[in-house]
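Chain letters run A, B, ... following the sequence lines, proteins first, then strands; residues in each count from 1.
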2 protein chains.
Amino acid sequence: MNDTYGRIIETTKGLYHEGGLKAISMRKIAARLDLSATAIYRHFQNKEHLLIAVFEEGFKTFTRYLWDSLAGETPIERLRSAGEAYLRFALEEPLYYQVLFMVPTQHLGYEAMPETAQEELHRAFLFLVDRVRECIDEGSFREGDAETVAVAIWGHSHGLVSLYLNGHFQACECDEEFTRFFWNSLDHLLRGLTDESFVESS
Amino acid sequence: MNDTYGRIIETTKGLYHEGGLKAISMRKIAARLDLSATAIYRHFQNKEHLLIAVFEEGFKTFTRYLWDSLAGETPIERLRSAGEAYLRFALEEPLYYQVLFMVPTQHLGYEAMPETAQEELHRAFLFLVDRVRECIDEGSFREGDAETVAVAIWGHSHGLVSLYLNGHFQACECDEEFTRFFWNSLDHLLRGLTDESFVESS
DNA sequence: GTCTATAGGTGGATAGAC
DNA sequence: GTCTATCCACCTATAGAC
C-alpha cells in the first residue's frame with residue numbers, strides 16, 4: 001500500500017481524523033502528497049468514489065480481523081475472539097473505526113455511499129449474531145433471541161470504544177489499560193446476559 | 001424560543017442532523033428562515049460563536065434533565081433517575097444528543113469550542129460519578145472506584161443510545177421498545193458491576 | 001500519470017443604505 | 001434589525017498540453 005492509490009486513502013483518513021468530513025478536500029489531499037489537485041482524478045473518478053474506496057478498504061481490513069477470529073475451536077472461544085478482534089481493530093486502526101462506526105450515514109451525503117455503508121455494517125452485525133447463535137445452539141447461552149443479545153454486546157463495546165477514542169477515558173492511560181477495563185466490563189455484562197432472564201423479558 | 005435567535009439555533013441543529021458539520025452554513029440557515037445571509041450576524045458574532053451557542057443551549061437543556069433527576073430520595077433512586085434523565089434527553093432531544101456526545105471535539109475545529117465542549121462534558125461525567133459515589137458511601141454498592149463504575153455505565157448507555165440514534169437498532173420499532181431494552185440491558189450490567197469483583201480487578 | 005489553466009459553485013464576512 | 005452589494009477564500013471538476 002505504498003503506491004499513490006494507497007497514499008491518497010491514508011491521507012484522506014488522516015484529514016478525516018483531524019477535522020471530520022468537512023476537512024476532506026481533494027486539494028488538501030493533493031497538497032499533502034505534493035501533487036496537483038487534479039492528479040487524484042487519475043486514481044479516483046471523483047470525491048464520492050474516493051470516500052467509498054476509503055470505506056471499502058476499511059471494511060476489508062475489519063473483515064480480516066473478524067476472519068481471523070473464526071479460528072477458535074468452540075462457539076464461546078469464537079465469540080470471545082470476535083470481541084478481541086473488534087477491540088484490536090479499534091485500537092490498531094482507530095481512523096478506520098471512526099469512519100466505519102462513528103459517522104452517521106446521513107452525514108456522508110452521497111447516493112451510493114449510505115447504501116454501501118449500511119449494507120457492510122449490517123453484514124458485520126450478522127457476523128456477531130452468528131457467533132451468539134452458535135453459543136445458544138450448543139447450550140452455552142440460554143435460549144432466546146440471538147439478535148437481542150448481539151445488540152447489547154455491540155452497544156456496550158461500541159460505547160466504551162467510542163468514549164475511549166474520543167478521549168473521554170481519563171482513567172486509562174494506555175491501550176493495555178483500556179483493554180483490561182473493556183474485558184472486565186464486558187465479562188460482567190455477558191454474565192448478566194447469559195445468567196438471567198435477559199432474553200425473555202426484552 | 002420563537003424569536004429569531006432561537007429559530008437560528010433550531011435551524012442549525014436541523015442542518016447538522018441532516019448533513020453533519022459540513023452542511024452548516026450561514027447562507028443555508030438564512031435561506032431556511034427567509035433572511036439574508038448577513039442578518040444572522042446581528043444575532044451572532046460569527047459562525048464559531050453560533051456553534052458555541054448551540055452547544056451551550058444543548059448543555060443547558062441537558063443540565064435541566066439531570067437536575068430534575070436529583071429529586072429522588074435515596075442514592076439508588078437518584079442514580080436510576082439520572083439514567084432515566086439521560087435516556088429521556090437522548091430520545092426527546094436527539095439533535096442535541098448528537099451534537100453534544102457524538103461529535104469528536106477535534107472536528108469542531110475552533111479555538112474556544114473544544115475547551116467549552118470538553119469542560120461541559122467533564123462536568124456531566126462528574127455528576128454521574130457523584131451519583132455512583134453516593135451509592136458506594138451508603139453501602140448500596142461495593143467499595144471501589146466510583147469513576148471506574150461510572151465510565152462503564154456511561155459507556156454502555158452511550159453505546160446503546162448512539163447505535164439506536166444512528167438507526168442500527170432494527171429490533172426496536174419505537175422509543176418505548178428501546179427504553180425497555182435499554183433498562184433491561186443496563187440493569188444486568190449494574191448487577192454485574194455491583195455483585196462481583198469488578199471494581200477491584202479493573 | 002502528472003501538470004497548468006480555467007470554469008462554475010459555495011462559503012464567511014464586511015460596508016453601508018434603509 | 002434587515003437588506004443589497006461586494007470581496008476574497010476555497011471547493012469540485014474538466015480540458016488539454018507534456
Side-chain angles (χ1 to χ4, degrees), chain A residues 1-57 99 103 106-114 116-117, chain B residues 1-57 99 103 106-114 116-117:
Chain A
M1 199 60 102
N2 227 351
D3 52 328
T4 305
Y5 181 96
R7 278 198 301 270
I8 291 171
I9 290 194
E10 285 303 305
T11 308
T12 308
K13 278 162 62 184
L15 284 169
Y16 175 78
H17 181 246
E18 291 168 29
L21 286 170
K22 74 178 188 306
I24 299 174
S25 86
M26 304 301 258
R27 296 170 111 98
K28 276 191 225 159
I29 295 163
R32 293 204 174 184
L33 296 172
D34 268 313
L35 290 173
S36 73
T38 56
I40 298 172
Y41 290 87
R42 283 286 142 187
H43 303 275
F44 301 92
Q45 199 181 321
N46 53 30
K47 192 178 175 182
E48 172 173 9
H49 282 77
L50 165 56
L51 292 184
I52 291 174
V54 172
F55 216 90
E56 286 178 344
E57 284 297 325
V99 172
V103 181
Q106 320 127 20
H107 293 195
L108 298 172
Y110 291 110
E111 297 291 311
M113 191 69 156
T116 306
Chain B
M1 201 58 104
N2 226 351
D3 53 327
T4 306
Y5 181 95
R7 276 198 300 269
I8 291 171
I9 290 195
E10 284 304 304
T11 307
T12 308
K13 279 161 63 184
L15 284 169
Y16 175 78
H17 181 246
E18 290 168 31
L21 287 170
K22 72 176 190 308
I24 299 175
S25 86
M26 303 302 259
R27 296 170 114 100
K28 273 191 228 160
I29 294 164
R32 293 203 176 184
L33 295 172
D34 268 314
L35 290 172
S36 74
T38 56
I40 299 172
Y41 290 87
R42 284 285 142 188
H43 302 275
F44 301 92
Q45 198 180 323
N46 53 31
K47 191 179 176 182
E48 173 174 8
H49 281 78
L50 165 57
L51 292 184
I52 291 173
V54 172
F55 216 89
E56 287 178 342
E57 284 298 325
V99 172
V103 181
Q106 321 127 17
H107 293 195
L108 298 172
Y110 291 111
E111 297 290 311
M113 190 67 156
T116 306

What is the separation between atom [atom1] on [X] and atom [atom2] on [N], rounded to the nearest whole Å?
X	N	atom1	atom2	result
A/F44	C/dT2	CZ	C1'	16 Å
B/L15	C/dT10	CG	P	15 Å
A/N46	D/dA13	CG	C1'	9 Å

Select one nucleotide: of [options], the one nearest the side-chain heavy atoms of [X].
X	options	value
A/L35	D/dC11, C/dA13, C/dT2	C/dT2
B/T38	D/dT2, C/dA15, C/dG11	C/dA15
A/H43	D/dA13, C/dT2, C/dC3	C/dT2
B/A39	D/dC11, C/dG11, D/dT2	D/dT2
A/R42	C/dA13, D/dA13, C/dG1	C/dG1

* Asked: Shortest non-hydrogen contact from B/I24 to B/Y16?
  -> CD1-CB, 3.8 Å
* For A/R32 and A/L15, run side-chain contact (heavy atoms from CB on, under 4.5 Å): C-alpha distance rounded to whole Å, both residues' side-chain angles, the deciding distance at 0.1 Å, then the answer. => CA-CA 10 Å; A/R32 293 204 174 184; A/L15 284 169; 3.5 Å; yes
* Would you find a donor on one side and an acceptor on the other, under 3.5 Å apart, between the side chain of A/K47 and the backbone of A/M26? -> no
* Asked: Just by modelled atom types, is the B/I9 backbone N or O under 3.5 Å from a matching donor or acceptor in the B/E57 side chain?
  -> no
* Looking only at side-chain N and O atoms, does B/S36 come under 4.0 Å of OP1 or OP2 in D/dT4? -> no
* To do: Considering just the side-chain nitrogens and oxygens of A/K47, establish if one lies under 4.0 Å of OP1 or OP2 belonging to D/dC11.
  => no
* To do: Give A/K28 one of three labels, base, sugar-phosphate or nothing, depending on what nucleic acid heavy atoms sit under 4.0 Å from its own.
  => sugar-phosphate
* For B/L50, which contact category applies under a 4.0 Å heavy-atom criterion: base, sugar-phosphate, or nothing? -> nothing
